[in-house]
Amino acid sequence: MNLEKMIDTLRDYSRPVKIMEVCGSHTAAIMQNGIHSLLSPNIRLVSGPGCPVCVTSPQYIDALVDCAFRPKHEVISFGDMFKVPGTKSSLSEAKASGGAARFVYSPFDVLTMAKEQPDTQFVVAAVGFETTAPVYAALLEKILAKNIQNVKMLSALKTMPGVLSSLCEGEDIDGFIAPGHVAAIIGLEPFSALAAKHRKPFAVAGFDGVPILSAIFEITRQISVGQARAVNLYKSVVREHAQATAAEKVERYFEPCDAVWRGIGKLSASGLQLRAEYAHLAIPWTEAEDVFIPSGCRCGEVITGKINPPECPLYGSLCDPLHPIGACMVSAEGCCANWYAFSGGGEVSCR
Amino acid sequence: MNEKIRMAHGSGGDQTSALIRGLFMKYFRNEWNAAMNDAAVLPLSGQIAFTTDSFVVDPIIFPGGDIGRLAVCGTVNDLLTSGSLPRYLSASFILEEGLPMDVLESICVSMQATAKEAGIEIVTGDTKVVSGRGGLFINTAGIGEIDGEPFDFGQVQVGDAILLNGTLGDHHACILSQRMEIENDICSDVAPLVSMMKALKAGNVRIRGMRDITRGGLATVLSEISEQTHGALQIREKTLPVKDSVASFCKVLGLEPLYMGNEGKAVFIVDGADAEKAKKIMQSCTYGENAEIIGECVPGKHPVLITSVGGKRRLVPLQGEGLPRIC
């Protein structure tokens with residue numbers, strides 16, 4: 001079907017549906033392409049939990065901050081973790097108060113640092129989904145191969161199928177634009193299983209305007225005819241099965257564990273921890289289930305598709321990218337940050 | 001010949017004088033500064049435009065230009081936005097101890113050539129030396145003579161056309177590539193747009209206003225102009241010129257050319273009836289070969305981008321910080 005015809009169909013779609021784009025990069029691409037303005041008011045797009053920073057619990061930040069203040073320790077992290085609030089402070093505030101923390105563009109930078117500063121215990125903050133986990137597995141492989149003694153990992157890695165299953169159990173999301181990068185690693189299969197189990201359509205898509213419109217079109221088409229299956233609209237990158245090398249590497253070093261998702265709660269087997277035989281490379285930490293959420297913050301409802309950011313009372317008034325209160329405003333991938341960036345703090349639609 | 005700038009070059013004494021005579025006057029001498037008085041005396045008539053800008057770009061030499069060419073072009077293009085013809089320029093140098101003398105000389109050569117190209121005279125200046133890492137900063141201030149009426153975005157009305165003189169994001173992508181040590185063939189677009197402006201005026205194009213697109217990019221500039229115009233500025237993504245190399249670079253880093261800085265690009269708003277004529281004139285000028293009509297002023301309030309799939313996206317100013325020290 002050509003683009004014009006597809007857009008005409010989407011503009012006239014008459015059945016109220018709620019579609020979740022799981023991944024933060026999809027949220028940004030939807031805004032960039034003005035997708036909202038092309039859809040019938042009956043099609044509501046909501047964001048999901050696919051920004052790693054947004055679902056990181058404040059207790060994890062506390063654990064990093066604790067490491068930053070330990071004698072002869074230094075925390076190594078990607079930059080977007082620095083501003084995420086913990087229960088007491090962010091990593092950035094900890095650094096300003098004398099804690100040791102450094103941001104890197106690549107976690108592999110820690111290998112050089114470890115060599116240059118043999119007396120410092122480096123703590124790598126491992127945060128991300130299936131896309132990032134293989135990177136940390138490869139880092140562990142290097143640490144072991146080179147017998148590096150002064151690098152440890154604090155893992156808050158998470159996996160997608162469990163949280164998507166929990167979202168499917170709630171009634172109100174009708175279909176999902178599945179995360180393209182995660183699918184590139186885990187393949188289409190887990191999404192097919194979710195679609196079959198929960199009777200909801202999933203479309204794996206790339207990150208440009210046309211693929212996103214195609215995904216929305218496919219989901220609405222399936223809903224109209226009562227279908228529920230996972231389709232791969234990102235065939236250049238995504239295969240039926242998991243990417244074997246990456247999966248094997250992750251499995252060698254990590255095992256599933258329960259994980260607390262900010263705004264969602266504890267989900268069994270939705271996180272990755274280092275296997276027992278590599279426990280000497282892990283910094284242990286415990287997650288409390290009662291996740292601390294700042295007063296008034298509705299990030300939890302934003303990333304579960306219950307509301308869009310402007311419905312949160314803090315959005316654009318007390319919470320903006322320079323003064324983020326909720327994690328969804330901190331990361332550039334976060335739903336609230338995306339809405340803010342593309343609307344100047346207001347509504348995005350210019351229908 | 002590994003001579004370097006030392007603190008004594010900023011003392012105001014012999015060595016300062018030697019630096020001025022031996023280097024700055026070698027390249028910048030003209031009838032307005034030849035007497036080396038503390039202030040230049042300049043003939044002017046009618047209304048003038050006056051502006052200043054400081055340049056702190058890092059690195060100081062980059063593919064397509066250097067801090068000297070940038071310091072001339074930045075102020076020259078700012079003068080053009082008022083509708084004036086750039087006439088006189090001041091140049092203040094803050095040099096860091098350890099700056100190699102041959103680097104400073106190459107920057108003076110570049111400034112002289114750029115000033116000549118832009119038809120502006122460097123008439124006065126100053127030198128200070130500070131401790132640092134062998135870099136330099138330049139401040140320029142410029143005076144332009146208003147030729148006819150000053151531009152006024154308040155005159156923009158529905159039906160006026162929006163033109164852009166070339167590809168977006170070149171300077172920003174160039175500096176970022178240098179900073180990140182990414183090898184590519186992206187060059188800065190730093191250029192003075194004086195001859196283009198003269199050609200448009202000579203062609204009797206009714207120009208409502210012009211803005212150079214520097215930090216914050218086209219989206220930010222359009223948002224700012226929109227505060228003054230009657231009507232909404234609407235542009236079409238499909239018509240925006242972006243070099244393939246810059247587009248790929250942006251895609252990899254998650255940047256948008258709409259928000260990237262340029263140093264030789266400007267948005268011109270002209271009477272709708274003059275749009276095609278203006279485009280042809282711009283395309284015939286140096287620095288205008290990729291000029292395009294990118295949109296028009298329509299009823300409404302906020303600037304809007306019609307995306308390549310036909311969606312409407314409101315354009316808002318750059319949020320948060322862009323890359324520091326690009327100009």
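Heavy-atom basis, side chains included; hydrogens, waters and symmetry copies ignored. In what follows, chains carry the letters A, B, and so on, assigned in the order in which the sequence lines appear, proteins first and then strands, with residues in each chain numbered from 1.
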Would you say D244(B) has more than 12 foreign heavy atoms packed within less than 6.0 Å of its CG?
-> no
Considering only heavy atoms and a distance below 4.5 Å, find which of L213(A), N33(A), D208(A), V210(A) pairs most often with chain B.
-> N33(A)
Evaluate the criterion side-chain contact (heavy atoms from CB on, under 4.5 Å) for residue pair Q32(A) and E256(B); output intermediate values, then yes/no.
-> CA-CA 9 Å; Q32(A) 263 172 16; E256(B) 282 201 278; 3.5 Å; yes
Around E289(B), counting heavy atoms of other residues, nucleotides and ligands shown, do more than 12 lie under 6.0 Å from its CD?
-> no
Validation row: R313(B), F342(A) side chains within 4.5 angstrom (heavy atoms) = yes
